[in-house]
Amino acid sequence: MATNGYFILTDISGYTEFLTKSELDHAQDTLQGLFDAQLAHIRHPFVISGFRGDAIFLYVPETNFCEPQTLLESLENLYFVFADTLRQMIYNTTCTCRACQNMKNLDLKMVIHYGEYVIQKLGDHEELLGADVIVPHRMLKNSVTERTGIASYALFTEAAADALKLFELAYPLTAHLETYEHLGEVRMLALDLHAVWEREQERKRFAVSPEDAWIHLQWDVPFPPAMLWEYLTSLEQGLRFGSYDWVERTDSLGGRLQQASIYHCAHSGMDFVDTILDWKPFEYVSLRQETAGLQLTQTRRITPQGGGALFSIDIQKPPAGATEEVRQMVIASYSGVGERMGAQMQADAANGTVTLAGEQ
């Protein structure tokens, strides 16, 4: 049966020149380290389909995520891992060989297309088939850097950009056009990943630690961290498992949920106003929740463990009203969050709304 999804190739740019102009043993160690760093962070919603020389071919079935923002941030995080690993390699080496001195010329680019595919089983191996599967392989041959000066990019076809609502979620975007044999003109949008990474480096982090928490709660959740993150941060999903009467975003930032986003929800006659203080996809979100004169600054954290995750909430002692009676009321209010979220995820997996890792 044909399925819709996203096809992604991550490609180390400068690979061939680096390999041919460097000492092979040191060059191989560097490239292996960069591949290993990517592979260690390629998890749900991604599925590895195979390897194409210096590239990793991934796909993402539509049912592997609920929000377009999740896939975009998964791609950005993969670049962050690559860039951070390469920076550490450059910083830590004292070797003067050509390989170690030329590491700085390496970078990562990605191409992304959206379309239809079928899975063909060949013994123990699975192959993706379909005209759309061919497109990202052709996209690796492009003139983006020559025309735009962008060396590290995520290059989306219009089909992928439309499916992801890219204009609402990402910047800066640069229009690009290529013509390929048998495909004709392919319109695309390039996202400068290095610019996104630099913004990430400049952000100030804030998180409540378990050691400093007034209240610490945690649950074992048998689902992939990226899937848990979606349910934790999606307003639509929160409305479903949080038993809210309604929820709406009230800030004027637009686009993706991010630092300084504000949303307002109501539950059992009480109003809650949440302001995001810090946002680190798939790891934690810190927010300030205000209700009934109480200010609850907290960090909701996801820690991978085994095939699932540990979900925890750490709440700071509020500046006012921090009595033991209030503390017990807050604990009672929050105590079912993890169980309700897990139950909703299990129900969605059972009815096929989402697909768990390993079930493609």
Side-chain angles (χ1 to χ4, degrees), residues 44-45 60 62-77 162-171 206-208 217 219 221 223-292 294-302 309 311-315 330 333-334 336-349 351 353-354:
H44 187 92
V60 180
E62 276 190 325
T63 51
N64 270 25
F65 65 98
C66 308
E67 301 288 340
Q69 180 169 339
T70 297
L71 181 55
L72 178 60
E73 289 179 335
S74 296
L75 294 170
E76 290 175 346
N77 274 7
D162 290 344
L164 287 171
K165 304 177 182 176
L166 196 63
F167 278 108
E168 300 176 18
L169 300 175
Y171 71 94
F206 172 80
V208 180
L217 301 168
W219 301 266
V221 182
F223 298 98
M227 182 179 175
L228 177 56
W229 173 262
E230 282 210 286
Y231 280 71
L232 175 63
T233 58
S234 165
L235 300 189
E236 179 183 346
Q237 299 301 331
L239 183 64
R240 296 171 68 214
F241 73 78
S243 302
Y244 296 131
D245 300 319
W246 53 267
V247 60
E248 66 177 357
R249 189 169 169 182
T250 57
D251 63 81
S252 58
L253 296 174
R256 67 170 82 180
L257 279 175
Q258 57 187 296
Q259 194 172 14
S261 293
I262 302 171
Y263 50 97
H264 185 188
C265 49
H267 173 63
S268 300
M270 294 184 65
D271 286 336
F272 301 83
V273 177
D274 293 356
T275 302
I276 296 176
L277 305 176
D278 191 13
W279 177 277
K280 192 169 185 181
F282 317 114
E283 293 187 29
Y284 68 83
V285 56
S286 295
L287 56 88
R288 181 177 61 248
Q289 186 171 80
E290 298 172 273
T291 179
L294 196 63
Q295 181 175 294
L296 300 173
T297 300
Q298 59 195 267
T299 295
R300 303 176 180 184
R301 187 176 282 105
I302 298 170
F311 168 48
S312 61
I313 301 177
D314 292 296
I315 304 174
V330 173
S333 175
Y334 278 76
V337 171
E339 285 85 354
R340 291 196 301 271
M341 184 162 55
Q344 185 66 64
M345 295 165 73
Q346 187 64 62
D348 289 345
N351 65 30
T353 304
V354 298

| Residue pair P68 / A163: nearest heavy atoms and the distance that separates them | CG-O, 4.2 Å
| said: Taking atom CD as the centre, does E248 end up with more than 12 heavy-atom neighbours from other residues, nucleotides or ligands that are less than 6.0 angstrom away? | reply: yes
| note | In terms of heavy-atom contacts, H44 and N64 come closest through NE2-O, 3.0 Å
| remark: Heavy atoms of R301 and D314 approach each other most closely as NH1-OD2, 2.9 Å
| task | Evaluate the criterion side chain to side chain contact (heavy atoms under 4.5 Å, CB included) for residue pair I276 and V285; output intermediate values, then yes/no. | result | CA-CA 7 Å; I276 296 176; V285 56; 4.0 Å; yes
| said: Are V330 and L294 packed together at the side-chain level, in the sense that at least one heavy-atom pair is separated by less than 4.5 angstrom? | reply: yes
| For the atom pair CE (M227) and CD1 (I302), what is the distance rounded to the nearest 0.5 Å? | 11.5 Å
| said: Between L72 and L166, is there a side-chain heavy-atom distance shorter than 4.5 Å? | reply: yes
| field | Closest non-hydrogen atom pair between S74 and F282, with its separation | value | OG-CZ, 3.2 Å
| query | Is there side-chain contact between F272 and L296, with at least one heavy-atom pair below 4.5 Å? | reply | no
| field | Any side-chain heavy-atom pair of V208 and F206 under 4.5 Å | value | yes
| Audit row: D251, R249, side chain to side chain contact (heavy atoms under 4.5 Å, CB included) steps and yes/no | CA-CA 6 Å; D251 63 81; R249 189 169 169 182; 2.8 Å; yes
| query | Is a donor on one side and an acceptor on the other found under 3.5 Å between the side chain of T70 and the backbone of E230? | reply | no
| message | Rounded at 0.5 Å granularity, tell me how far CG in D274 sits from NE2 in H264. | response | 9.5 Å
| remark: Rounding to 0.5 Å, atoms CD (E283) and CH2 (W229) come to a distance of 8.5 Å
| request: Without swapping roles, check the side chain of T291 against the backbone of D271 for a donor-acceptor pair under 3.5 Å. | output: yes
| task | Dump the intermediate steps for side chain to side chain contact (heavy atoms under 4.5 Å, CB included) on Y263 and L287, then the final yes or no. | result | CA-CA 11 Å; Y263 50 97; L287 56 88; 3.7 Å; yes
| Atom pair CG (L239) and OG (S234), whose distance is rounded to the nearest 0.5 Å | 9.5 Å
| How long is the span from the CG atom in L253 to the CD atom in Q259, to the nearest 0.5 Å? | 10.0 Å
| query | Side chains of W219 and M341: closer than 4.5 Å at any heavy-atom pair? | reply | no
| message | Does any part of the side chain of E73, heavy atoms only, come nearer than 4.5 Å to the side chain of W279, both counted from C-beta? | response | yes
| task | Check P45 against V60 and note the closest heavy-atom contact, atom names and distance. | result | O-CG1, 3.5 Å
| field | Exam field: side chain Q258 to backbone R256, donor-acceptor pair closer than 3.5 Å | value | yes
| Distance, nearest 0.5 Å, that separates NZ of K280 from CG of N77 | 8.5 Å
| task | With the side chain counted from C-beta on, respond yes when E67 and L257 share a heavy-atom pair under 4.5 Å apart, and no when they do not. | result | no
| query | Minimum heavy-atom separation for D348 to Q237, with atom names? | reply | OD2-OE1, 4.1 Å
| field | Audit row: Q289, I315, side chain to side chain contact (heavy atoms under 4.5 Å, CB included) steps and yes/no | value | CA-CA 10 Å; Q289 186 171 80; I315 304 174; over 6 Å; no
